[in-house]
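Remarks on the structure that follows.
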Amino acid sequence: MLPEDKRIRTRAQLREWLAVELSHYELGGMQKLLNLIDGNEAAILRRHILLLRTTEYHINTGHRLRAGLWKLRLRRLQNRYGMHVALNCCGRGLQIAHVGPILMNAHVTVGERCTFHFNTAVVAGGTDNGVPTLGDGVVVGLGAVILGGVTLGDRVAVGANAVVNKSFPEADITVAGAPARKIADHGAGAWNPRQEND
């Protein structure tokens, strides 16, 4: 879970975070119309980010009634699409690449500018039943699982279907396999330069 000073606490912060995160799902032309009816993936992901961050803002500022109403809307959308992203766990710049199953423990800490692909899980487990901590700019590939009290360094790329059950604190590396092991000395920053500019 993010420390208090890393959470959305003001309307200005909410606007800033939303501007960064919604830019990942640009809508143009016909997509704007489809946005009104959830007709495409980008529209669903935009709505999820809007609900997630607005709910966090109301919770963090003590607006209990508004927080409850926004949380209800968020949970309905998350249950509909299987996107269970915990509140106040992800830093600014979160990107979810596709609509579909994502499972995130409520005590996980995820840094800024992290990307999650379809069918990923960041959960408690392992021998100590701890929860993962991810650095900034981490990219979690399709079907990957990160479990237990592990730490991933900044800009680590986690390969598709990897099972990460030990820490990789080194920055700018790629890990893959089950169980995961380091396979390259370049990480997510080399693959996704747009993330670095947010």
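Below, each value reflects all heavy atoms present in this structure, side chains not excepted, and no hydrogens, waters or symmetry copies.
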_Just so I know, are the side chains of Val138 and Val110 near enough to count as touching, which here means a heavy-atom distance under 4.5 Å?_
no
*Find out whether Val164 and Val145 are in side-chain contact, i.e. whether some heavy atom of one side chain is under 4.5 Å from a heavy atom of the other.*
no
*Closest heavy-atom contact between Ala97 and His117?*
CB-ND1, 3.4 Å
*asked:* If I compare all heavy atoms of Asp154 with all of Gly135, which pair ends up nearest, and what's the gap?
replied: OD1-CA, 3.4 Å
*Quick one: salt bridge (charged side-chain N to carboxylate O under 4.0 Å, His left out) pairs with a partner in residues 1-14, sequence neighbours left out?*
Glu4-Arg7, Glu4-Arg9
*asked:* Which residues pass the salt bridge (Lys or Arg N to Asp or Glu O under 4.0 Å) test with Arg181, not counting sequence neighbours?
replied: none
*Hey, are the side chains of Leu45 and Val99 touching, using non-hydrogen atoms and a 4.5 Å cut-off?*
yes
*What are the two closest non-hydrogen atoms of Asn105 and Ala124, and how far apart are they?*
ND2-CB, 3.6 Å
*With rounding to the nearest 0.5 Å, note down the distance linking CG in Leu94 to CG in Leu52.*
7.0 Å
*What's the shortest heavy-atom distance between Gly137 and Cys114, and which atoms?*
N-SG, 3.8 Å
*Can you list the residues that meet the side chain to side chain contact (heavy atoms under 4.5 Å, CB included) rule with Thr55, with sequence neighbours excluded?*
Ile59, Trp70, Lys71, Leu74, Leu87
*Could you list the residues that satisfy side chain to side chain contact (heavy atoms under 4.5 Å, CB included) with Ala12, not counting sequence neighbours?*
Thr10, Arg15
*Measure the spacing between CE of Met83 and NE2 of His48 and express it to the nearest 0.5 Å.*
4.5 Å
_Closest contact, heavy atoms only, Ala178 versus Val163_ = CB-CG2, 3.8 Å
*State which residues pass side-chain hydrogen bond (donor to acceptor under 3.5 Å, both in side chains) with Asn60; sequence neighbours excluded, sorted by chain then number.*
Asn88
*So, does Arg46 use its side chain to make a donor-acceptor pair with the main chain of Tyr25 at under 3.5 Å?*
yes
_Heavy-atom pair with the smallest gap, counting every atom of Thr151 and Ser167_ = N-OG, 2.9 Å
_Beyond-backbone contact of Thr54 with Leu50, side-chain heavy atoms, under 4.5 angstrom_ = yes
*Cluster question for you: counting only ILVMFWY and a side-chain heavy-atom cut-off of under 4.5 Å, with indirect links fine, are Met1 and Val123 together?*
no
*Which value, rounded to the nearest 0.5 Å, describes the distance between Arg155 atom CZ and Thr174 atom OG1?*
12.0 Å
*First locate atom CG of Leu14, then atom CD1 of Ile8, and finally report the distance between them rounded to the nearest 0.5 Å.*
5.5 Å
_His63: partners by ring pair (Phe, Tyr, Trp, His ring centres under 6.0 Å), with sequence neighbours left out_ = Tyr57, His58
*Side chains of Arg92 and Val20: does their closest heavy-atom pair fall under 4.5 Å?*
yes
*asked:* Is any side-chain heavy atom of Leu134 closer than 4.5 Å to one of Val156?
replied: no
*Side-chain contact, heavy-atom cut-off 4.5 Å: Glu170 with Ile173?*
yes
*Could you list the residues that satisfy salt bridge (Lys or Arg N to Asp or Glu O under 4.0 Å) with Asp185, not counting sequence neighbours?*
Lys182
*Give me the one residue out of Thr109, Ile96, Val85, Val122 that meets side-chain contact (heavy atoms from CB on, under 4.5 Å) with Cys90.*
Val85
*Please name all residues satisfying side chain to side chain contact (heavy atoms under 4.5 Å, CB included) with Asn119, sequence neighbours left out, ordered by chain then number.*
Pro101
*Linking Ile, Leu, Val, Met, Phe, Trp and Tyr through side-chain heavy atoms less than 4.5 Å apart, which residues share a cluster with Leu142?*
Phe118
_Test side chain to side chain contact (heavy atoms under 4.5 Å, CB included) applied to Ala176 - qualifying residues, sequence neighbours left out_ = Ile183
*In chain order, what residues pass the side-chain hydrogen bond (donor to acceptor under 3.5 Å, both in side chains) check against Arg75, with sequence neighbours excluded?*
Gln78
_Inter- and intrachain pairs under salt bridge (charged side-chain N to carboxylate O under 4.0 Å, His left out), touching residues 51-67, at least two apart_ = Glu21-Arg53, Arg53-Glu56
